[in-house]
A.B. asks: 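My questions will all concern the structure given below.
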Amino acid sequence: MDADSSSGDGRHVFRSWSAQGGERPLTVAGAQGSWFWDRDGNRYLDLASQLVNVNLGHQHPRLLAAIAEQSRKLCTIGPNFSNDTRDRLARLIAERAPGDLDRVFFTNGGTEANEHAVRMARLATGRSKVLTAYRSYHGATAGSITLTGDPRRWPNEPGLPGVVHFFGPYAYRTAFHAEDERQECERALRHLEEVLHMEGPHTVAAVLLETVVGTNGVLVSPDGYLAGVRELCDRYGALLICDEVMVGFGRIGEWFAVDAWQVVPDLITFAKGINSGYVPLGGVVVSERVAAAFDDRVYPGGLTYSGHPLACAPGIATIEVFEETGVLEHVRRLGREVLGPGLAKLADQHPSVGEVRGRGLFWAIELVRDRATREPLVPFNASGAAAEPMAAVMNSCVAEGVWPMCQMNRIHLAPPLVITEDELRRGLDAIDTALYTADTYVTA
């Protein structure tokens, strides 16, 4: 062991999504509620909920108590046994899921959830292809990174065979030359149907999409789009899989985001907000139609830690806290009365803001050099010197004591769902100050 092995410099950690010789990350000493702080006592308002997962904030006492109580009772048991904690959480999730989604397959996180949802869809339909959007992220394991449409897929190719990408709706940067959201929705659905035809509808097992696109722009589905995809899947015999790893469990003010559009998919994947990431947990909510395909044949998949008791216990506590404290209504109100109007005001004041969009406590500020041409503040997938303007914006945010998520040419805001109105307004004030840095790059 090195003499300075306790210094916390992280030299022995091989970090995800990073060049290992790059800058070392901030060392976090503690966290509480919507805040975290470093060893020097610098405090940061967590406007990203870490990776959009700390929905009930840091160190929530009910979640901590649930983990402690479960640890005294039973720390772990294999998935081949029944366990009251696992069984209860599955029941609570199924009771809140839409339609006939009544069974839960537990995983360790979102990427595994998507892998298993696709496996289920392929086996249940006897088909091989899966259609996913270009602007999407579905995870980093071998199959889910192929399902991902964004540039994180490129260095991991070739990948899982049978994955085909399509363009989803994005009215601000329309691929369909649409003039408004209604037209964008119609043309995006027409495009998806054409892709189905070109691939052979009889070969397509499922359409997989994020109910609200996450790290690729917080793209909220226009009214009618999800219902249209549901209709296409029904018409051509494909299953609809909705990835709600980010937006499930309250992020937009609903138990499941599909509820906002009253659409019932065949499978929903979840993780993150189910227990605020206190212990790794994810899963697939499975419809009776899909589950029935495995009544008389073995489902060929499983995980050692599927439904781990220490992960399920804070999941139960999470649902209880949501209902006892009115978390969903709190999210809807803050989105409607504070975050939405506050961001609209910033858009009026800063020429670098091309568009703000979102729902509940999930929003994006799209930054541009020129509002008329919509030229992004930095090029697509920029790195190095080309990405410097966004690095400067992020540094400005941190200097103001807030920590959002910066992606491409966007600032994403996804604070803990328990954030107070005062904290949220403080965060908006800090973002306002940081946007003056973005304004310096405006060319028109």
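The structure displayed is predicted, hence computed values, not measured ones.
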A.B. asks: Without swapping roles, check the side chain of R230 against the backbone of V264 for a donor-acceptor pair under 3.5 Å.
C.D. replies: yes

A.B. asks: With distance as the sole test, does R369 use its side chain to make a donor-acceptor pair with the main-chain N or O of T443 at under 3.5 Å?
C.D. replies: no

A.B. asks: Around R103, counting heavy atoms of other residues, nucleotides and ligands shown, do more than 12 lie under 6.0 Å from its CZ?
C.D. replies: no

A.B. asks: I'd like to check the ring pair (Phe, Tyr, Trp, His ring centres under 6.0 Å) partners of F249; sequence neighbours left out, ordered by chain and number.
C.D. replies: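 F249: ring pair (Phe, Tyr, Trp, His ring centres under 6.0 Å) contacts with F256, F270.
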
A.B. asks: Thinking salt bridges, do R374 and E366 make one under a 4.0 Å N-O criterion?
C.D. replies: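 E366 and R374: not salt-bridged.
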
A.B. asks: Does any non-hydrogen side-chain atom of V368 lie less than 4.5 Å from one of T373?
C.D. replies: no

A.B. asks: What's the separation between atom NE2 in H308 and atom CG in N108, rounded to the nearest 0.5 Å?
C.D. replies: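 Rounded to the nearest 0.5 Å, the NE2-CG separation comes out at 9.0 Å.
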
A.B. asks: Kindly indicate whether the side chain of W37, heavy atoms from C-beta on, has any atom under 4.5 Å from the side chain of N42.
C.D. replies: no

A.B. asks: Using a 3.5 Å distance criterion without hydrogens, assess whether the side chain of D102 forms a donor-acceptor pair with backbone atoms of A94.
C.D. replies: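 Between the backbone of A94 and the side chain of D102 there is no qualifying donor-acceptor contact (under 3.5 Å).
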
A.B. asks: Would you please classify the geometry between the W403 ring and the Y44 ring as parallel, tilted or perpendicular, with 30° and 60° separating the classes?
C.D. replies: perpendicular

A.B. asks: Would you compute the distance between atom CD of Q59 and atom OG of S276 and round it to the nearest 0.5 angstrom?
C.D. replies: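 It comes to 11.0 Å.
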
A.B. asks: Quick check: closest heavy atoms across F105 and G302, and the distance to 0.1 Å?
C.D. replies: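 Taking F105 first and G302 second, the nearest heavy atoms are CZ-CA, 4.2 Å.
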
A.B. asks: Side chain to side chain contact (heavy atoms under 4.5 Å, CB included) with T211: which residues, sequence neighbours excluded?
C.D. replies: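 Partners of T211 by the side chain to side chain contact (heavy atoms under 4.5 Å, CB included) criterion, ordered by chain and then number, come out as L226, C242, E244, V247, A257, V258, W261.
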
A.B. asks: Using the side chain to side chain contact (heavy atoms under 4.5 Å, CB included) criterion, which residues pair with T174? Sequence neighbours excluded.
C.D. replies: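 Only F176, A178, E184 meet the side chain to side chain contact (heavy atoms under 4.5 Å, CB included) criterion with T174.
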
A.B. asks: Is atom CD of E69 surrounded by more than 12 heavy atoms (other residues, nucleotides or ligands) closer than 6.0 Å?
C.D. replies: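 Counting neighbours around CD of E69, 12 or fewer heavy atoms of other residues, nucleotides or ligands fall under 6.0 Å, so no.
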
A.B. asks: Quick check: are there more than 12 heavy atoms from other residues, nucleotides or ligands sitting under 6.0 Å from CG of D84?
C.D. replies: no

A.B. asks: Give me the atom names and distance for the closest heavy-atom approach of M120 to V290.
C.D. replies: CB-CG1, 4.2 Å

A.B. asks: Tell me whether N275 contacts the main-chain N or O of V279 through its side chain, where contact means a donor paired with an acceptor under 3.5 Å.
C.D. replies: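 Here the side-chain-to-backbone pair exists.
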
A.B. asks: Under a 4.0 Å N-O cut-off, is there an ion pair linking E157 with R153?
C.D. replies: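 Yes, E157 and R153 are salt-bridged.
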
A.B. asks: Using salt bridge (Lys or Arg N to Asp or Glu O under 4.0 Å), reason through R336 and E329 one step at a time and then give a plain yes or no.
C.D. replies: CA-CA 10 Å; R336 183 177 62 247; E329 175 52 37; 3.6 Å; yes

A.B. asks: Measure from the side-chain N and O atoms of E423 to the backbone N and O of I419, and report whether any donor-acceptor pair falls under 3.5 Å.
C.D. replies: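 Such a contact is absent between E423 side chain and I419 backbone.
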
A.B. asks: Under 3.5 Å, side chain of T107 to main-chain N/O of G283, donor-acceptor pair present?
C.D. replies: yes

A.B. asks: Under the ring pair (Phe, Tyr, Trp, His ring centres under 6.0 Å) test, which residues partner F294, sequence neighbours left out?
C.D. replies: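 With sequence neighbours excluded, F294 shows a ring pair (Phe, Tyr, Trp, His ring centres under 6.0 Å) to Y299, given in chain and number order.
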
A.B. asks: What residues form a side chain to side chain contact (heavy atoms under 4.5 Å, CB included) with N216, not counting sequence neighbours?
C.D. replies: R135, Y137, D150, R152, V213

A.B. asks: Which residues pass the side chain to side chain contact (heavy atoms under 4.5 Å, CB included) test with S136, not counting sequence neighbours?
C.D. replies: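 Only A133, H138, E210 meet the side chain to side chain contact (heavy atoms under 4.5 Å, CB included) criterion with S136.
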
A.B. asks: Side chains of L367 and I411: does their closest heavy-atom pair fall under 4.5 Å?
C.D. replies: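 L367 reaches I411 side chain to side chain.
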
A.B. asks: Say whether, by atom type as modelled, one donor and one acceptor occur between the side chain of R24 and the main chain of R11 under 3.5 angstrom.
C.D. replies: no

A.B. asks: By side-chain hydrogen bond (donor to acceptor under 3.5 Å, both in side chains), which residues pair with E115, not counting sequence neighbours?
C.D. replies: T141

A.B. asks: Any heavy-atom pair between the side chains of E324 and R62 that's under 4.5 Å?
C.D. replies: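 They are in contact (side-chain heavy atoms under 4.5 Å apart), so the answer is yes.
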
A.B. asks: Is the closest side-chain heavy-atom distance between R122 and R119 below 4.5 Å?
C.D. replies: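 Not touching, per the 4.5 Å side-chain cut-off.
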
A.B. asks: Hey, is the main chain of L147 close enough, under 3.5 Å, to the side chain of H165 for a donor-acceptor pair?
C.D. replies: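 Present.
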
A.B. asks: Find out whether P169 and C185 are in side-chain contact, i.e. whether some heavy atom of one side chain is under 4.5 Å from a heavy atom of the other.
C.D. replies: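 Counting from C-beta outward, P169 and C185 never come under 4.5 Å.
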
A.B. asks: Applying ring pair (Phe, Tyr, Trp, His ring centres under 6.0 Å), name anything that partners W255, two or more places apart in sequence or on another chain.
C.D. replies: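 Listed in chain order: F322.
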
A.B. asks: Mind checking side-chain hydrogen bond (donor to acceptor under 3.5 Å, both in side chains) for E355 and listing every partner two or more places apart, or none if nothing turns up?
C.D. replies: R357

A.B. asks: Among all residues two or more places apart in sequence or in another chain, which pass the ring pair (Phe, Tyr, Trp, His ring centres under 6.0 Å) test with H58?
C.D. replies: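 Once residues adjacent in sequence are excluded, H58 has no partner under the ring pair (Phe, Tyr, Trp, His ring centres under 6.0 Å) criterion.
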
A.B. asks: I need the C397 SG to L47 CG distance, nearest 0.5 Å.
C.D. replies: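 Atom-to-atom, C397:SG and L47:CG are 8.0 Å apart.
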
A.B. asks: Between CG of L240 and CG of L209, what distance do you get to the nearest 0.5 Å?
C.D. replies: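 Rounded to the nearest 0.5 Å, the CG-CG separation comes to 5.5 Å.
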
A.B. asks: Is it the case that more than 12 heavy atoms not belonging to Q262 sit under 6.0 Å from its CD atom?
C.D. replies: no

A.B. asks: Nearest 0.5 Å, what's the OG1-CD distance between T85 and Q70?
C.D. replies: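 It comes to 3.5 Å.
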
A.B. asks: Do the side chain of R39 and the main chain of A29 share a donor and acceptor less than 3.5 angstrom apart?
C.D. replies: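 Judged by distance alone, no pair lies under 3.5 Å.
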
A.B. asks: Is the closest side-chain heavy-atom distance between V52 and H412 below 4.5 Å?
C.D. replies: no

A.B. asks: Go through the steps for S352 and D439 under the test side-chain hydrogen bond (donor to acceptor under 3.5 Å, both in side chains), then give the verdict.
C.D. replies: CA-CA 5 Å; S352 60; D439 292 341; 2.6 Å; yes

A.B. asks: Side chains of I274 and T318, heavy atoms from C-beta outward: is any pair under 4.5 Å?
C.D. replies: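 Heavy-atom side-chain distance check fails, nothing below 4.5 Å.
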
A.B. asks: Could you list the donor-acceptor pairs under 3.5 angstrom formed by side chains in residues 376-392, with sequence neighbours left out?
C.D. replies:
| from | atom 1 | to | atom 2 | distance (Å) |
| --- | --- | --- | --- | --- |
| E388 | OE1 | Y441 | OH | 3.0 |
| E388 | OE2 | Y441 | OH | 3.2 |

A.B. asks: Give, for atom CG of L281 and atom CZ of R86, the distance between the pair rounded to the nearest 0.5 Å.
C.D. replies: 10.5 Å

A.B. asks: Would the distance check show the side chain of S34 and the main-chain N or O of D46 forming a donor-acceptor pair, the cut-off being under 3.5 Å?
C.D. replies: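 No; zero donor-acceptor contacts below 3.5 Å.
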
A.B. asks: With side-chain contact (heavy atoms from CB on, under 4.5 Å) as the test, pick out the partner of L413 among L339, V218, L361, V356.
C.D. replies: L339

A.B. asks: Please table the atom pairs, donor to acceptor, closer than 3.5 Å between any side-chain atom in residues 426-434 and protein atoms at least two apart or in another chain.
C.D. replies:
| from | atom 1 | to | atom 2 | distance (Å) |
| --- | --- | --- | --- | --- |
| D432 | OD1 | H350 | NE2 | 2.5 |
| T433 | OG1 | D429 | O | 3.3 |

